[in-house]
Amino acid sequence: MRPPPCDVWWARTDWLRPQHLTVLGAAERERLRRYRRRADRDRCALGAVLLRAVAARALGSAPGAVAVDRFCPSCPGPHGRPVLPGTGLYVSTSHSGAFVVVAATRAGPVGVDVEEEPAGLGRDLRVGALGPEEAAGTTDATGFVRCWARKEALLKAVGVGITVPLAEVDLGPPGGPPRLRRFPGARPDQVFVTDLPAAEGYAGAVCVLAPGPVPVRHHDAGPLLRSVFPGEPSVTGGSVPPGGRVG
């Protein structure tokens with residue numbers, strides 16, 4: 001039997017509206033207060049709001065009623081991988097630059113990542129993040145962020161974050177399709193990584209741990225946000241997902 005699909009929802013950070021914050025819980029609000037830079041705070045806020053909106057749509061509930069557990073195994077802070085206890089729905093969120101993305105699926109644990117290209121790409125960064133074969137096939141910032149996004153998506157799906165050295169994770173050079181070549185404890189036949197369509201200067205990837213290939217569907221989150229907050233001004237301002245098809 002083919003695994004259920006993975007739905008990936010795209011939004012732009014400038015879509016955040018004050019009324020969106022009304023659905024957040026106390027722990028999420030406290031987390032936002034700790035950000036010093038408004039841009040970082042807004043990205044995190046929209047990610048939390050969109051995750052609730054996506055989960056509510058899948059579960060048939062209100063966004064504010066969705067129980068989101070962000071337990072961190074390393075410290076008391078509520079900033080671990082988001083879990084929706086007892087629902088069978090796996091979710092992940094990421095944000096970088098102008099974009100926020102949320103992935104949701106019932107196929108298995110999921111991780112999603114979007115990355116903006118760095119202004120400079122030093123040799124030390126490449127050596128620390130890439131395996132030998134990946135580094136040999138990576139000559140520019142575009143290839144580097146593609147490799148990075150693939151690795152982050154995998155580590156999020158496994159639930160370890162960047163506690164594993166990125167150079168120990170090998171998903172192949174950026175010019176070819178992602179395929180797990182090396183990662184301690186992971187089975188290549190149960191790790192499915194897909195590159196995401198992205199605007200120029202960005203790269204993205206989603207990883208699902210499942211018994212078979214998982215189809216990925218892309219969605220513009222603007223209509224979803226408007227359905228959750230009826231009457232708000234239009235928030236759709238361009239092609240989202242960038243360069244991809246809306247499902």
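All of these numbers come straight from a predicted model, not from anything done at the bench.
Here Leu46 contributes atom CG and Arg12 contributes atom CZ; the two are 11.5 Å apart, rounded to the nearest 0.5 Å. In this structure, the separation between CG on Leu32 and CZ on Arg38 is 12.5 Å, given to the nearest 0.5 Å. The OG1 atom of Thr13 sits 8.5 Å away from atom CZ of Phe99, with the distance rounded to the nearest 0.5 Å. In this structure, CG in Leu224 is found 9.5 Å from NE2 in His219, a value given to the nearest 0.5 Å. Here the straight-line distance linking atom SG of Cys6 with atom NE2 of His218 works out to 8.5 Å at 0.5 Å rounding. One finds the CG atom of Leu225 at 10.0 Å from the CD atom of Gln19 (value rounded to the nearest 0.5 Å).
Side chains of Asp7 and Val54 form no contact here, defined as non-hydrogen atoms less than 4.5 Å apart. Taking 4.5 Å as the limit, some side-chain heavy atom of Asp195 sits within range of a side-chain heavy atom of Pro178. Taking the side chain as every heavy atom from C-beta outward, Leu50 and Thr93 never approach each other to under 4.5 Å. With contacts defined as side-chain heavy-atom distances shorter than 4.5 Å, the pair Pro109/Arg81 qualifies. Within the 4.5 Å cutoff, the side chain of Val114 has heavy atoms near those of the Trp10 side chain. Counting heavy atoms from C-beta outward, Pro63 and Val49 have side chains that stay 4.5 Å or more apart. For the pair Val112 and Leu196, the minimum side-chain heavy-atom distance is below 4.5 Å. A heavy-atom distance below 4.5 Å is not found between the side chains of Leu84 and Asp69.
A side-chain donor-acceptor contact under 3.5 Å links Glu134 to the backbone of Leu171. Remark: the backbone N or O of Thr87 is paired with a side-chain donor or acceptor of Arg106 at under 3.5 angstrom. Of the possible donor and acceptor atoms, one in the side chain of Arg43 sits under 3.5 Å from a partner among the backbone N and O of Gly97. In this structure, Thr105 contributes its side chain and Tyr90 its backbone to no donor-acceptor pair below 3.5 Å. Panel note: side chain Arg36, backbone Arg33; no donor-acceptor pair is recorded below 3.5 Å. Panel note: side chain Arg52, backbone Val66; a donor-acceptor pair is recorded below 3.5 Å. Not one N or O on the side chain of Ser94 forms a donor-acceptor pair closer than 3.5 Å with the backbone of Val100. A donor-acceptor pair is defined here as one N or O able to donate and one able to accept, closer than 3.5 Å; no such pair exists between the side chain of Arg146 and the backbone of Ala205. For Ser92 (side chain) and Ala103 (main-chain N/O), no donor-acceptor pair under 3.5 Å exists by modelled atom type.
In plain terms, the two heavy atoms of Leu155 and Phe183 that are nearest each other are CD2-CE1, 3.5 Å. Here the closest heavy-atom approach between residue Arg29 and residue Thr22 is recorded as NH2-CA, 3.5 Å. When all heavy atoms of Ala62 and Ala56 are compared, the closest pair comes out as C-CB, 3.8 Å. Between Arg150 and Gly176, the closest heavy-atom pair is NH2-O, 2.7 Å. Nearest heavy atom pair, residue Pro215 against residue Pro3, reads CD-O, 4.0 Å. Across all their heavy atoms, Asp113 and Ala149 have their closest contact at OD2-CA, 3.4 Å.
Hydrophobic clustering, with ILVMFWY side chains joined whenever heavy atoms are under 4.5 angstrom apart, keeps Val83 apart from Leu24. Linking Ile, Leu, Val, Met, Phe, Trp and Tyr residues whenever their side-chain heavy atoms come within less than 4.5 Å places Val193 and Leu180 in a single cluster. Val158 and Phe192 fall into different hydrophobic clusters, defined by Ile, Leu, Val, Met, Phe, Trp and Tyr side-chain heavy atoms under 4.5 Å apart, directly or through other members.
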Handout entry: Test log, rule side chain to side chain contact (heavy atoms under 4.5 Å, CB included), inputs Lys151 and Leu130
Key = CA-CA 10 Å; Lys151 292 168 185 272; Leu130 304 180; 4.1 Å; yes
Handout entry: Cys207 and Lys156: CA distance, side-chain angles, deciding distance, side chain to side chain contact (heavy atoms under 4.5 Å, CB included) verdict
Key = CA-CA 8 Å; Cys207 174; Lys156 286 183 176 182; over 6 Å; no
Practice task
Evaluate the side chain to side chain contact (heavy atoms under 4.5 Å, CB included) criterion for residues Gln190 and Leu209: first the C-alpha distance (whole Å), next the side-chain angles of each, then the deciding distance (0.1 Å), finally the verdict.
Solution key: CA-CA 5 Å; Gln190 295 185 354; Leu209 308 183; 5.7 Å; no
Practice task
Go through the steps for Tyr202 and Glu117 under the test side chain to side chain contact (heavy atoms under 4.5 Å, CB included), then give the verdict.
Solution key: CA-CA 6 Å; Tyr202 291 82; Glu117 290 183 10; over 6 Å; no
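No more than 12 heavy atoms of other residues, nucleotides or ligands sit less than 6.0 Å from atom CZ of Arg2. More than 12 non-hydrogen atoms from other residues, nucleotides or ligands lie less than 6.0 angstrom from CZ of Arg41.
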